[in-house]
Asks: 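Encoded as structure tokens, here's the structure I'll be asking about.
Letters A, B, ... mirror the listed sequences (proteins, then strands); counts begin at 1. Only a predicted model underlies this, so the values are computations on that prediction, with no experimental measurement involved. Side-chain atoms are counted along with the backbone in the values below, which use heavy atoms only and exclude waters and symmetry mates.
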There are 2 protein chains.
Amino acid sequence: MAKVYPGQNLSQEDIIEMLARRQIQPTQQRIRIAEVLFARRQHLSADQVLALVNDGPVHVSKATVYNTLGLFAEKGLVRQVIVDPSRVFYDPNTEEHHHFYNVDTGALTDIDADSLALAGLPELPAGTVSDGVDIIIRIREQVPGRDRAGG
Amino acid sequence: MAKVYPGQNLSQEDIIEMLARRQIQPTQQRIRIAEVLFARRQHLSADQVLALVNDGPVHVSKATVYNTLGLFAEKGLVRQVIVDPSRVFYDPNTEEHHHFYNVDTGALTDIDADSLALAGLPELPAGTVSDGVDIIIRIREQVPGRDRAGG
DNA sequence: GTCAGTGCAAACCCTTTGCAGAAAG
DNA sequence: CTTTCTGCAAAGGGTTTGCACTGAC
């Protein structure tokens with residue numbers, strides 16, 4: 001059986017199968033939201049998903065977008081990326097990787113796990129287990145003159 | 001009479017000097033907020049700062065707490081820690097270090113920079129400069145049985 | 001006296017919730 | 001037909017803002 005990986009050109013059937021594999025009932029709205037996320041392989045906020053989804057023929061309400069993104073995250077279909085206090089991004093790439101976050105533009109970019117390794121994990125606090133490691137490299141636009149002293 | 005908090009060791013004069021060094025006018029409220037932050041050396045949310053500050057003799061309004069924390073962050077006196085979409089934490093430790101974030105309890109703990117280094121930074125996107133690296137190790141409570149399959 | 005800082009409450013924005021109607025199986 | 005999902009709008013919670021008063025120098 002051909003396994004379906006996020007990022008491929010996905011048919012509607014692929015998406016239904018992807019949802020089914022995660023025990024998610026494939027409604028029209030959920031299929032549409034998954035399409036938007038996996039077709040673009042981008043980091044999208046709920047608001048952006050809402051806009052993109054309603055660019056198409058299927059109408060989806062704000063509540064359903066939030067509920068669905070939460071469900072997808074819970075089921076491990078997407079990953080929440082928390083870099084900005086004002087909104088959550090949803091990342092269709094669930095493989096291990098990290099992020100650049102441009103604080104000026106809000107752009108979020110993947111960093112391949114291979115090009116950024118940790119020099120050993122510290123001992124976890126007693127009675128806890130790891131739930132994932134997030135590495136965020138905050139970047140800003142290089143403005144001529146802003147690097148120099150003064151201001 | 002001012003309450004004495006556990007771990008408090010900075011005199012009011014120390015704090016005034018610390019503020020002056022960052023070009024921050026030392027008002028009563030700012031001194032009080034700095035006291036709360038630096039006496040405990042904990043990660044506190046704005047809401048927690050508000051509660052702790054008003055536990056003492058100086059009254060500080062919510063707006064002033066938010067304004068002051070924002071000012072402190074801007075002036076480099078504290079650092080914002082973004083690990084939870086619902087609130088920002090303020091970290092009085094501005095030395096290079098990283099964090100454990102307990103997703104079950106909300107507890108935020110420092111990781112010494114020495115015990116967790118990156119094996120080389122990847123190339124930054126063109127036209128950008130680094131603005132800092134955040135490493136967050138998400139942890140959860142080790143619940144007997146939850147580690148094994150069949151949850 | 002002047003200017004910056006503070007306080008109050010309302011505004012804001014993202015997100016969640018309650019419940020009736022609609023869709024899925 | 002029963003259960004689950006969706007949509008609407010209002011509620012919720014952290015954060016910001018406008019403006020008059022207060023405090024710092």
Asks: What integer distance in Å separates B:Phe89:CZ from D:dT15:C1'?
Replies: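 From B:Phe89 CZ to D:dT15 C1': 15 Å.
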
Asks: What I'd like to find out is whether the side chain of A:His59 reaches to under 4.5 Å of the side chain of A:Asn54, using heavy atoms alone.
Replies: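 Side-chain contact under 4.5 Å: yes.
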
Asks: Specify the separation, in whole Å, of atom NZ of A:Lys75 and atom P of D:dT4.
Replies: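 Spelled out: NZ on A:Lys75 to P on D:dT4 is 12 Å.
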
Asks: How about A:Asn102 and A:Glu141: do any of their side-chain heavy atoms sit closer than 4.5 Å?
Replies: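 Answer yes - side chains close enough.
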
Asks: Given atom CD1 of B:Ile82 and atom P of D:dT15, what is their separation to the nearest angstrom?
Replies: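 Nearest whole value for this atom pair: 10 Å.
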
Asks: Could you tell me whether the side chains of A:Asp134 and A:His99 share a donor-acceptor contact shorter than 3.5 Å?
Replies: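 Note: A:Asp134 and A:His99 side chains miss the donor-acceptor criterion.
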
Asks: Quick one: pull up CD in A:Glu74 and CZ in A:Arg22 and give me the separation to the nearest 0.5 Å.
Replies: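 Interatomic distance, A:Glu74 CD to A:Arg22 CZ, rounded to 0.5 Å: 12.0 Å.
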
Asks: Calculate, to the nearest 0.5 Å, the distance between atoms CG and CG belonging to B:Asp55 and B:Leu50 respectively.
Replies: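 Going from CG on B:Asp55 over to CG on B:Leu50, the span is 11.0 Å.
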
Asks: Can a side-chain donor-acceptor contact be found between B:Ser86 and B:Asp84 if the only test is distance below 3.5 angstrom?
Replies: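 There is such a pair between these side chains.
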
Asks: Have A:Ser11 and A:Asp14 got a donor and an acceptor in their side chains that come within less than 3.5 Å?
Replies: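 There is such a pair between these side chains.
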
Asks: I need the CG-C1' distance between B:Leu69 and D:dG14, as an integer number of Å.
Replies: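 These atoms are roughly 13 Å apart.
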
Asks: Starting from the first five and the last five pairs of the helix from C:dG1-D:dC25 to C:dG25-D:dC1, work out the angle between the resulting helix axes, to 10 degrees.
Replies: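 The angle, to the nearest 10 degrees, is 30°.
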
Asks: Determine whether A:Val133 and B:Ile136 make a side-chain contact, defined as any pair of heavy atoms from C-beta on separated by less than 4.5 Å.
Replies: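 In short, these two side chains do not touch, never coming nearer than 4.5 Å.
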
Asks: Round to a whole Å and report the spacing from CD1 of A:Ile24 to C1' of D:dT3.
Replies: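 After rounding, the reported distance stands at 18 Å.
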
Asks: Going 5' to 3' along nucleotides 1-14 of chain C, which nucleotides have protein heavy atoms under 4.0 Å from the base (write B), which only from the sugar-phosphate (write S), and which from neither (write -)?
Replies: ---SSSBBB----S

Asks: Rounded to the nearest angstrom, tell me the gap between atom CZ in A:Arg32 and atom P in D:dG7.
Replies: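 It is 13 Å, rounded to the nearest whole Å.
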
